[in-house]
Amino acid sequence: MTGTRKALVTGAARGIGAAIAQRLAADGMAVVTLDLQSGCDIALDVARDALPQLDDVDVCIANAGITTTIAPGHRMTGEQWARDIDVNLTGTFRTVQACLSGMRERRRGRIVVISSIAALGGLPGQVAYAASKAGQLGLVRTLATENARYGITVNAILPGLVATEQVLAMPEQVRERVLRAVPTGRLVEPAEIAAAVAFLSGEEAGQISGQAIAIDGGASLGQISLGSEPPAPQR
């Protein structure tokens, strides 16, 4: 394949999205950034606004999402539920769909959806978020199957607790409590997520599709032991 590939990264104003955009640009791609916040090439709401023409995108990174809806299932309002589903799941679908026609015509493409380990184990107090992230996995596997013969791969990355601006702003005692459940004993760095995305976006990943790859320091591993207590992570 010759020429510069064009990548779209949504939710690129900060955190994981910004790290992905920087990494793909460093790898030589022409990166278009999109976010509801200012500072990106395109400013819009992926859930509601009309998307621009995106059929020239070779690499689609669907990262835009919201994580701040806090409510248990018995108290969650319809508006709270709908907003998480609209942005995290419908927004992902709309973004990917807008890129698919061009990829199918050229018979090549890479799609990476940034989901969450909440898709696997749930997340108490954030039922809509967990449901939206689990829904992304069904989307990924279905689109991977539909588009494999067109040379398009579709995969999901499932981050654990990542050292983004939002996480670093949490009270220290909250971060410490969560990290006690992480075997590696540390936060995931945004650059580590970006490195995995860069690989899945590359030519060498052409036989990897429909996969959900957790990058969480082992947090999603079963840690129940009937024997001696496992050693505490070194900090």
Side-chain angles (χ1 to χ4, degrees), residues 1-46 49-65 88 91-116 136 139-140 143-144 146-159 162-165 188-213 215:
M1 178 180 172
T2 59
T4 300
R5 292 191 298 161
K6 181 175 181 179
L8 171 72
V9 181
T10 68
R14 61 180 184 173
I16 293 172
I20 293 170
Q22 292 166 9
R23 173 60 189 264
L24 297 185
D27 287 351
M29 295 189 197
V31 179
V32 175
T33 56
L34 183 155
D35 204 296
L36 188 56
Q37 300 183 46
S38 61
C40 289
D41 300 312
I42 303 170
L44 56 77
D45 183 339
V46 293
D49 295 338
L51 294 170
Q53 181 268 331
L54 296 173
D55 58 11
D56 59 344
V57 169
D58 301 295
V59 176
C60 173
I61 313 300
N63 169 71
N88 297 344
T92 292
F93 172 70
R94 294 181 76 231
T95 301
V96 171
Q97 186 185 50
C99 298
L100 267 175
S101 61
M103 291 181 179
R104 286 169 67 95
E105 182 177 343
R106 293 187 299 276
R107 302 189 72 87
R108 67 174 186 270
R110 297 286 184 267
I111 297 168
V112 183
V113 172
I114 307 303
S115 183
S116 167
Q136 288 178 331
L139 179 150
V140 162
L143 294 182
E146 291 177 349
N147 293 284
R149 65 191 178 102
Y150 291 91
I152 300 167
T153 65
V154 190
N155 292 289
I157 295 291
L158 282 58
V162 181
T164 61
E165 298 91 334
V188 178
E189 293 298 327
E192 293 175 308
I193 305 295
V197 171
F199 174 72
L200 291 174
S201 301
E203 293 302 303
E204 294 179 332
Q207 291 289 72
I208 304 173
S209 196
Q211 302 305 303
I213 302 170
I215 304 178

> Given side chains that start at C-beta, do those of I16 and T164 come closer than 4.5 Å, heavy atoms only?
yes
> List in chain and number order the residues that pass side chain to side chain contact (heavy atoms under 4.5 Å, CB included) with Q97, two or more places apart in sequence or in another chain; answer none if no residue qualifies.
F93
> So, using side chain to side chain contact (heavy atoms under 4.5 Å, CB included) as the criterion, who are the partners of T95 when residues are at least two apart?
L8, T10, V46, C60
> Report the C-alpha distance between L200 and I208 in whole Å, list the side-chain angles of each, state the deciding distance to 0.1 Å, and finish with yes or no for side chain to side chain contact (heavy atoms under 4.5 Å, CB included).
CA-CA 8 Å; L200 291 174; I208 304 173; 3.9 Å; yes
> Could you pull out all donor-acceptor pairs under 3.5 Å where a side-chain atom in residues 35-45 meets a protein atom, sequence neighbours excluded?
| from | atom 1 | to | atom 2 | distance (Å) |
| --- | --- | --- | --- | --- |
| D35 | OD1 | Q37 | N | 2.9 |
| D35 | OD2 | A12 | N | 3.2 |
| D35 | OD2 | A13 | N | 3.0 |
| D41 | OD2 | T33 | N | 2.8 |
| D41 | OD2 | T33 | OG1 | 3.1 |
| D45 | OD1 | A47 | N | 2.9 |
| D45 | OD2 | R83 | NH1 | 3.3 |
| D45 | OD2 | R83 | NH2 | 3.1 |

> In this structure, which one of I157, I215, V59, N155 forms a side-chain contact (heavy atoms from CB on, under 4.5 Å) with V197?
I157
> Supply the atom-to-atom distance I61 CD1 to I193 CD1, rounded to the nearest 0.5 angstrom.
12.5 Å
> Identify, with sequence neighbours excluded, every residue that meets side chain to side chain contact (heavy atoms under 4.5 Å, CB included) alongside A163.
L168, L187, E189, P190
> If the condition is side chain to side chain donor-acceptor pair (under 3.5 Å), which residues does N63 pass it with, not counting sequence neighbours?
none
> Which pairs with one or both residues in residues 12-26 pass side-chain hydrogen bond (donor to acceptor under 3.5 Å, both in side chains), sequence neighbours excluded?
R23-D27
> For R107, what residues pass the side chain to side chain contact (heavy atoms under 4.5 Å, CB included) criterion, not counting sequence neighbours?
Y150
> How close do G210 and V140 get, counting heavy atoms only, and between which atoms?
CA-CG1, 4.2 Å
> For the side chain of S209 and the backbone of V154, is there at least one donor-acceptor N/O pair under 3.5 Å apart?
yes
> Taking atom CD of E165 as the centre, report whether more than 12 heavy atoms of other residues, nucleotides or ligands fall under 6.0 Å from it.
yes
> Restricting to non-hydrogen atoms, name the atom on A21 and the atom on V9 that form the minimum distance, rounded to 0.1 Å.
CA-CG2, 4.2 Å
> Compare every heavy atom of V96 with every heavy atom of A62, then report the nearest pair and how far apart it is.
CB-CG2, 4.3 Å
> Give the minimum heavy-atom separation between L51 and A98, together with the two atoms involved.
CD1-CB, 4.0 Å
> Which pairs with one or both residues in residues 96-106 pass salt bridge (Lys or Arg N to Asp or Glu O under 4.0 Å), sequence neighbours excluded?
D58-R106
> Return the minimal non-hydrogen interatomic distance between R110 and G206, and the atom names on each side.
NH2-CA, 3.3 Å
> For the CZ atom of R5 and the OG atom of S201, what is their distance to the nearest 0.5 Å?
6.5 Å
> Quick check: do I111 and M103 have side-chain heavy atoms less than 4.5 Å from each other?
yes
> What pairs with D49 under salt bridge (charged side-chain N to carboxylate O under 4.0 Å, His left out), at least two apart in sequence or on another chain?
none
> What are the two closest non-hydrogen atoms of Q136 and N88, and how far apart are they?
NE2-O, 2.8 Å
